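Chain A is the first sequence line, chain B the second, and so forth, proteins listed ahead of strands; every chain is numbered from 1. None of the values given here were measured: they were computed from a predicted structure.
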Amino acid sequence: MQNLLHNLNPEQLAAVTLPAQPALILAGAGSGKTRVLTTRIAWLIQTGQVSPAGILAVTFTNKAAKEMIARLSSMLPINTRGMWIGTFHGLCNRLLRAHHRDAGLPQTFQILDSQDQLSAIKRLLKSLNVDDEKYPPRNLMYFINGAKDQGLRAKDVEANDDYNRKFVELYDLYDTQCQREGVVDFAELLLRTYELLTRNQPLREHYQARFRHILVDEFQDTNNLQYNWLKLMAGQHNAVFAVGDDDQSIYAFRGANVGNMIAFEREFHVENLIKLEQNYRSHGHILDAANTLIANNSRRLGKNLRTDAGHGEPVRIYEAESDIREANWIIEEAKSLINEGATRSEIAILYRSNAQSRVIEHALFTAGIPYRVYGGQRYFERAEIKHAIAYLQLMDNPHNDSAFLRVVNFPTRGIGARSLEQLQDAARQYGISMYAAVPYVTGKAGTTLGGFVKLIEGMRFETQNLPLQELVQVMLDMSGLITHYQNEKEGADRIENLEQLVSAAMLFVSEEGFGIDAPAFLGPKSAEVAGPALTIADGVEVLDADAPLPAVMSPLSAFLSHASLEAGDNQAQAGQDALQLMTVHSAKGLEFDAVFITGLEEGLFPHENSAQEEAGLEEERRLMYVAITRAKKRLYMSFSQTRMLHGQTRYNMKSRFFDELPDEALKWLSPKVQHRWFGQRKSAWDEPPESGANNIAQSFNRDNAGWRVGETVSHAKFGEGVIVNIEGSGTNSRAHINFGRHGMKLLDLNIAKLEKVATRLNG
DNA sequence: TCTATCTTTGTTTTT
DNA sequence: CAAAGATAGA
């Protein structure tokens with residue numbers, strides 16, 4: 001035990017060894033949060049206070065769950081497989097599989113990712129002849145998910161006007177459609193489990209009696225439903241150990257409620273509140289930047305990080321003329337870091353939105369530097385993989401209409417809109433799935449559709465005793481997907497991806513502990529598993545702690561769940577030492593020696609859709625805080641005067657966040673730009689401007705009262721802005737100026753009192 | 001019914 | 001700039 005607890009600081013030690021009572025740990029960035037959480041679990045088990053089966057540990061990302069399991073198995077000589085450590089969604093999936101009957105779901109229910117959900121909604125609207133201009137599918141999706149995140153069914157949602165009443169009605173119909181097809185969306189996984197446990201007292205009491213210790217990571221990210229879910233699991237007696245950081249709450253957009261931290265403190269009568277403020281990650285200047293920035297937020301629980309490390313290097317800031325040059329600068333800096341001995345994988349390039357990665361990727365590719373992109377297009381979201389998955393879904397659950405529609409005519413088999421219309425009519429008439437409705441379609445359409453059904457049934461028959469990876473292979477061959485892409489010009493990559501699916505299946509099978517030769521449809525090894533998966537206790541079927549997943553889920557179902565819930569963390573080229581590219585969101589929880597935060601411009605970061613309201617802006621600021629605190633030794637920030645977005649050049653102002661950083665910690669690298677065309681051409685302008693940038697031609701046109709497009713100006717009332725466009729000339733010149741937080745203004749250049757703005761420079 | 005081509009439209013973040 | 005959707009012609 002000694003070795004378990006040594007090297008913990010007093011606060012960490014106190015947190016790890018708290019008594020079995022509700023506890024809230026306010027853990028700042030880099031304060032050893034994960035360490036405290038895992039050591040706590042290990043300590044509880046080692047001191048015999050609880051058995052591994054009595055632990056429920058919840059995280060938000062699969063990455064975090066895996067990390068926790070890995071650390072735990074290095075700390076304790078126990079098999080972590082049976083332990084309940086996972087994401088909210090993963091754990092709920094597990095519960096629903098085990099109790100599918102009580103939950104009113106087919107055993108092979110399938111999980112819709114957001115793409116699937118949106119197309120299901122579009123399909124619903126179409127079938128109901130609802131005007132999707134008036135009721136945009138996307139809005140309906142947010143409406144539904146928002147309601148579910150609050151724990152509300154359609155009947156529970158209050159609607160005060162016709163418009164919202166329609167949304168409620170559609171919400172209800174959407175649920176009906178999902179139920180008919182045997183599919184659940186992300187929010188439904190949680191809500192269904194919540195309802196199941198609320199309704200079913202014996203079941204609830206069983207799990208309450210079992211999980212004496214519930215530990216929650218990233219508690220600030222819980223939404224109301226998740227919080228209530230935790231309350232339900234906790235019951236009256238269980239110890240909830242919540243770890244979180246209100247300053248790192250960046251998921252309010254999907255319902256996360258920081259207020260849960262305060263609610264938790266109050267409702268659970270938390271007497272054990274511990275703050276971890278010692279930072280072990282970042283050098284002083286970096287931490288100062290983070291602290292100063294986040295101090296601009298109101299409504300904080302209050303916490304200030306400190307470090308024993310020295311000031312270290314200042315934060316370097318660079319202003320580029322274009323996004324392309326920004327990327328090139330990043331690469332030059334990264335190169336010199338590498339020359340100085342830095343490891344590539346310890347350098348991260350962060351951006352606010354995925355679209356920004358393209359320019360950087362291009363530059364990295366040209367420079368021949370290995371890199372790895374996280375997130376973005378994920379493996380299981382690629383079109384060809386989606387098709388393959390749809391075939392697998394139909395084999396597992398033929399009533400999934402989304403899957404049916406995706407591949408019924410892909411590759412083409414002469415089943416067009418008319419046949420499907422007939423089929424949909426039949427399905428609606430009998431209230432059954434499209435697959436089941438096929439026999440009711442007569443004529444030629446009936447024959448071709450029947451052929452498709454035969455195909456799926458043939459695939460099932462051929463694979464009924466095969467292990468998962470062979471099942472996938474047979475599916476690929478029989479579906480005609482491979483042949484289809486062979487005939488396509490750019491199909492080679494797609495075929496490669498499809499072949500990878502076989503390896504993915506094999507990997508999944510070995511990692512999850514399914515026997516590698518076990519048939520994919522049945523519960524393999526179930527006969528040999530020590531103890532049955534489901535035990536009957538007091539007349540209730542419950543999930544046994546030691547039973548591995550396969551006992552309640554067939555390998556195929558499990559694999560499909562995996563595809564939806566994990567989407568393949570883009571493991572591409574793992575192992576190679578490469579630069580790390582990712583959004584700020586996906587960087588949460590990670591740390592790097594050197595970090596580049598890019599695209600720090602008004603409208604991008606903070607994002608224009610968020611900066612309108614105070615709450616949104618504060619979330620953006622927390623996001624920036626997360627970004628800064630990822631860095632250990634070196635931190636770079638950059639922004640650009642121009643940027644391509646939606647195929648056109650945009651002129652953004654530098655981010656307001658620069659004004660919220662402490663000058664002493666910063667070093668501005670960019671050359672002065674204010675008088676660049678009045679003679680003082682220096683450094684960055686020594687190189688010729690890129691061709692094709694449409695502002696360049698205008699930049700040498702001095703006819704517009706001395707102003708040019710792209711220039712930063714200052715206005716008495718609106719503050720700083722960037723000239724986006726100039727119309728007219730001479731005494732008639734008017735300019736569209738982007739004043740960032742004050743919006744776009746059209747000003748007469750001969751009347752408005754504008755001043756040129758100098759960029760600060762101290763290096 | 002299929003394919004090629006045009007038009008339109010992009011929430012930014014993720015389980 | 002792309003991807004998704006709509007339209008026209010084969």
* Asked: Looking for any heavy atom pair under 4.0 Å, which part of the strands does Ser610(A) touch: base, sugar-phosphate only, or nothing?
  -> base

* **Ring-base stacking, His585(A) with dT13(B) (5.5 Å, 30° cut-offs)** => no

* Asked: Partners of His387(A) by ring-ring contact (aromatic ring centres under 6.0 Å, His included), sequence neighbours excluded?
  -> Phe410(A)

* **With sequence neighbours excluded, residues passing side-chain contact (heavy atoms from CB on, under 4.5 Å) with Asn257(A)** => Asn224(A), Asn260(A)

* Structure fact -> In Tyr163(A), Tyr174(A), Phe143(A), the residue satisfying ring pair (Phe, Tyr, Trp, His ring centres under 6.0 Å) with Tyr135(A) is Tyr163(A)

* Asked: Between which nucleotides of DNA chain C, read 5' to 3', does contact with chain A run, using atoms under 4.0 Å from its heavy atoms?
  -> dC1(C) to dG5(C)

* To do: Would you mind classifying the nucleic acid contact of Asn409(A) as base, sugar-phosphate or nothing, using non-hydrogen atoms under 4.0 angstrom?
  => sugar-phosphate

* With sequence neighbours left out, write down each residue that passes salt bridge (charged side-chain N to carboxylate O under 4.0 Å, His left out) with Arg153(A), or none if nothing qualifies. => Asp175(A), Glu188(A), Glu195(A)

* Please list, chain by chain and in numerical order, all residues satisfying side-chain contact (heavy atoms from CB on, under 4.5 Å) with Leu225(A), sequence neighbours excluded. => Leu190(A), Leu191(A), Tyr194(A), Asn223(A)

* Using a cut-off of 4.0 Å on non-hydrogen atoms, how would the nucleic acid contact of Phe605(A) be classed: base, sugar-phosphate, or nothing? -> nothing

What pairs of nitrogen or oxygen atoms, one from the protein and one from nucleotides 3-10 of chain B, lie under 3.5 Å apart?
none

* To do: Applying side-chain hydrogen bond (donor to acceptor under 3.5 Å, both in side chains), run through Tyr485(A) and Glu384(A) and close with a yes or a no.
  => CA-CA 9 Å; Tyr485(A) 285 118; Glu384(A) 64 273 20; 4.9 Å; no

* Between dT14(B), dT15(B), dT12(B), which nucleotide has the shortest distance from any of its atoms to the side chain of Glu620(A)? -> dT12(B)

* Asked: Does Phe253(A) lie flat on the base of dT12(B), that is, centres under 5.5 Å apart and planes under 30° off?
  -> no

* Do any pairs count as a salt bridge (Lys or Arg N to Asp or Glu O under 4.0 Å) and have a residue in residues 400-422 of chain A, sequence neighbours left out, and if so which ones? -> none

* Please name all residues satisfying side-chain contact (heavy atoms from CB on, under 4.5 Å) with Ala587(A), sequence neighbours left out, ordered by chain then number. => Leu350(A), Met582(A), Arg630(A)

* Asked: Considering residues at least two apart in sequence or located in another chain, which fulfil the side-chain contact (heavy atoms from CB on, under 4.5 Å) criterion with Val240(A)?
  -> Ile214(A), Val216(A), Ala234(A), Phe264(A), Phe268(A)

* Asked: Checking only heavy atoms, does the side chain of Arg352(A) share a donor-acceptor pair with the base of dT13(B) at less than 3.5 Å?
  -> yes

* Asked: OP1 or OP2 of dT15(B) sitting under 4.0 Å from any side-chain N/O of Ser114(A)?
  -> no

* Asked: Base, sugar-phosphate, or nothing: which does Phe186(A) touch, judged by heavy atoms less than 4.0 Å apart?
  -> base

* Specify the separation, in whole Å, of atom CH2 of Trp229(A) and atom C1' of dT15(B). => 14 Å

